[in-house]
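All remarks here apply to the structure that follows.
Because the structure is a prediction, the values reported are computed rather than measured. Hydrogens, waters and symmetry mates are skipped; everything else that's a heavy atom, side chains included, is used. Proteins come first, then strands; the chains are lettered A, B, ... in the order of their sequence lines, and each starts at number 1.
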Amino acid sequence: MPQTRKRLAGTTGTDKKGPSRKRIQTENPDGASAKMENPSPQKILASKNYGKNPGSHWLMKSEPESRLEKGVDVKFAIEDLKVQPNQTACWDGVRNYQARNFLRAMKLEEEVFFYHSNCKEPGIAGLMKIVKEAYPDHTQFEKNNPHYDPSSTKDNPKWSMVDVQFVRMMKRFIPLAELKTYYQAHKATGGPLKDMALFTCQRLSVQPLTQEEFDFILSLEEKEPS
DNA sequence: GCCAACGTTGGC
DNA sequence: GCCAACGTTGGC
């Protein structure tokens with residue numbers, strides 16, 4: 001089993017600091033209209049049975065550039081997946097409940113966009129598929145792992161992972177900036193990306209896509225970069 | 001169970 | 001390197 005490290009979402013926050021508190025709440029820049037009309041990300045995700053049906057599509061984020069987390073490099077680019085034995089790796093280290101629940105909903109053979117985050121050019125790099133459904137993430141029990149969770153027990157593991165296999169690179173890299181342009185246009189016109197989780201649930205590292213979102217993004221491969 | 005503020009995410 | 005956004009923590 002390949003041991004790979006991916007950047008994880010979420011905060012386990014196992015070691016709490018001292019009692020000092022000083023952060024001030026950030027103010028909404030446009031003052032008066034503090035309450036947005038937008039439905040909450042949770043409502044959006046809940047409203048569509050995302051991830052509940054067989055044949056769902058997904059997007060998972062990973063960092064393609066080196067970055068140390070507790071002294072361990074969390075870099076994992078699509079090129080790193082490609083050179084694993086069987087081009088397969090376990091997607092470990094997810095420490096966010098919503099993301100974990102999506103991992104647990106994933107079914108064999110479902111397709112997943114490999115998204116490069118926290119890097120020079122963020123965006124969708126390629127396609128992979130689920131080759132093993134959710135099982136306990138071993139890194140939660142490893143004291144020296146950056147994603148060690150002392151609150152989890154082997155009897156009742158908190159965190160799950162899946163195995164993914166490389167399918168192919170995108171015919172061209174689909175940059176975040178381009179997706180965002182479509183998202184903003186579609187929000188106004190009601191196009192396929194109007195609720196895309198990449199923008200409505202910005203910090204979610206494992207997220208579902210509708211068939212329409214998935215198909216639209218694939219169609220961008222054939223288009224000129226905009 | 002509320003909610004202040006902490007710490008992380010991740011684009012820019 | 002900055003910092004907005006936001007999920008999580010923990011005092012009360």
Separation of atom [atom1] in [X] from atom [atom2] in [N], rounded to whole Å:
X	N	atom1	atom2	value
A:Gln207	B:dT9	CD	C1'	13 Å
A:Arg100	C:dG7	CZ	P	16 Å
A:Glu69	B:dG7	CD	P	15 Å
A:Glu63	B:dT9	CD	C1'	9 Å
A:Leu176	B:dG10	CG	P	11 Å
A:His147	B:dT8	NE2	C1'	11 Å
A:Leu198	B:dG11	CG	C1'	11 Å
A:Gln98	C:dC6	CD	C1'	12 Å

**Request:** Would you classify A:Phe199 as touching base, sugar-phosphate or nothing, given that sugar-phosphate means primed atoms plus P, OP1 and OP2, and contacts are heavy atoms under 4.0 Å?
**Result:** nothing
Quick check on [N]: is either OP1 or OP2 less than 4.0 Å from any side-chain nitrogen or oxygen of [X]?
X	N	value
A:Tyr97	C:dT9	no
A:Lys61	B:dT9	no
A:Asn118	B:dG11	no

**Message:** If you take the centroid of each ring, where Trp contributes its six-membered ring, are A:Trp91 and A:Phe114 closer together than 6.0 Å?
**Reply:** yes
**Asked** How about A:Trp159 and A:Tyr97: are their ring centroids closer than 6.0 Å?
**Response** yes
**Prompt:** What's the closest nucleotide to the A:Arg203 side chain, out of B:dG7, B:dC12, C:dT8?
**Reply:** B:dG7
**Cation-aromatic face contact A:Lys194/A:Tyr183, 6.0 Å, 45 degrees** = no
**Message:** Quick check with a 6.0 Å cut-off and a 45 degree axis cone: is A:Lys132 positioned over the face of A:Tyr135's six-membered ring?
**Reply:** yes
